[in-house]
Protein chains: 2
Amino acid sequence: MELHEPELRDVPVTAVLAALADDVRLQIVQALAEGGEHACGTFEFGVSKATRSHHLKVLREAGLTRTRVAGTSRFVRLRREELDRHYPGLLDAVLTGPARPA
Amino acid sequence: MELHEPELRDVPVTAVLAALADDVRLQIVQALAEGGEHACGTFEFGVSKATRSHHLKVLREAGLTRTRVAGTSRFVRLRREELDRHYPGLLDAVLTGPARPA
DNA sequence: ACCTATGTTCGACAATCGTCAAACAAGCTC
DNA sequence: GAGCTTGTTTGACGATTGTCGAACATAGGT
């Protein structure tokens, strides 16, 4: 299954930023920032499950999330501590940003 | 000439992140972070001047830079204070990031 | 007036991206 | 095992992106 989850050290900054530079993915990250694990299916933005799966893959391969497989479900969580260590202030800046513009 | 320079409040976070999520542009921002104004021509990365002009436009329209026209030259500077106010920690996190991977 | 220097704009191109429906894989339950 | 649930993978598509050379615009210098 592989579940490719790179070390943050091996991910170019631009890849992390690119992963965050999408509306759907940013909403996912904001939901994950509430803490704990979220099953993939609990993300209900206006996209198909194929698209959602794609975005979760992008986040995972950019080193932003960690995924745990449990039966047919997958539980995703934000790699907050690692991210804060590698890019102090990045997540806070992005998450507590100005009132989300339309 | 117009020199479209939006208010940071009007720029979606994702646009700021997208602007930073490119190798050439990140190098430009890193150069600008040294402080002061830089003439466009002083950026010598391996791209044509058309491409450089394009990247500077992206940065400007994402609210990251301010441009002053002087004769045939244009001087660019980072909107650091504004950025730090709107996204505290973002620039620092991106600029002082881990040793730039190849 | 010419020529040069500095940038921008205009196509054009290949590559990447976000999106979806459909097919697939794997586990759970009856 | 049949069927359902959860999620991924596979094409396909239109849109966007990064890149370039060529043409254009504008300001100085001689």
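Chain A is the first sequence line, chain B the second, and so forth, proteins listed ahead of strands; every chain is numbered from 1. All heavy atoms count here, side chains included; hydrogens, waters and symmetry mates do not.
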List the steps and the verdict of side chain to side chain contact (heavy atoms under 4.5 Å, CB included) for A/Val29 and A/Leu91. CA-CA 9 Å; A/Val29 170; A/Leu91 275 185; 4.3 Å; yes
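- Atom CZ of A/Arg52 is separated from atom P of C/dA21 by 13 Å (rounded to the nearest Å).
- Of the side-chain N and O atoms in A/Arg74, none sit less than 4.0 angstrom from OP1 or OP2 of D/dT6.
- The distance between atom CG of B/Leu56 and atom C1' of D/dT19, rounded to the nearest whole Å, is 15 Å.
- Spacing between atom NZ of B/Lys57 and atom P of D/dT19 amounts to 16 Å, rounded to whole angstrom units.
- With a 4.5 Å cut-off on side-chain heavy atoms, B/Ile28 and B/Phe45 count as touching.
- Rounded to an integer number of Å, the gap from A/Ile28 CD1 to D/dG7 P is 12 Å.
- When distances are taken from the side chain of A/His55 to each of C/dT19, C/dT8, D/dT9, the shortest belongs to C/dT19.
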Between A/Glu5 and A/Arg79, does the salt bridge (charged side-chain N to carboxylate O under 4.0 Å, His left out) criterion hold? Intermediate values first, please. CA-CA 11 Å; A/Glu5 289 178 353; A/Arg79 293 168 66 174; 5.5 Å; no
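- Taking only side-chain atoms of B/Arg25, from C-beta outward, the nucleotide of C/dA22, D/dG18, C/dG7 with the closest atom is D/dG18.
- Toward the 5′ end of DNA chain C lies the nearest nucleotide of B/Ala50, the other residue of the pair A/Ala18 and B/Ala50 mapping further downstream.
- The CZ-P distance, from B/Phe45 to D/dT19, rounds to 12 Å in whole Å.
- Atom NZ of A/Lys49 is separated from atom P of C/dA25 by 14 Å (rounded to the nearest Å).
- At least one donor-acceptor pair under 3.5 Å links the side chain of B/Arg25 to the backbone N or O of B/Ala19.
- The nucleotide whose nearest atom lies closest to any side-chain atom of A/Thr72 is, among C/dT8, D/dT6, C/dA21, D/dT6.
- Counting only heavy atoms from C-beta on, A/Ser53 has its side chain closest to D/dT9 among D/dT9, C/dG18, D/dC20.
- Distance, A/Arg60 CZ to D/dT8 P: 7 Å, rounded to whole Å.
- Each of A/Asp22 and B/Cys40 has a nearest nucleotide on DNA chain C; the 5'-most of these lies closest to B/Cys40.
- In this structure, of C/dA21, D/dT8, C/dG7, it is C/dG7 that holds the atom nearest to the side chain of B/Ser73.
- Within 4.0 Å (heavy atoms only), A/His54 reaches at least one base atom of the nucleic acid.
- Taking every side-chain heavy atom of A/Thr51 into account, C/dT19 is the closest of C/dT19, C/dG7, D/dC20.
- A/Phe75 has its CZ atom 13 Å from the C1' atom of C/dG27, to the nearest Å.
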Could you go step by step and tell me if A/Leu83 and A/Leu90 meet the side chain to side chain contact (heavy atoms under 4.5 Å, CB included) rule? CA-CA 8 Å; A/Leu83 287 162; A/Leu90 209 199; 5.9 Å; no
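- In this structure, of D/dG7, D/dG21, C/dC20, it is C/dC20 that holds the atom nearest to the side chain of A/Ser48.
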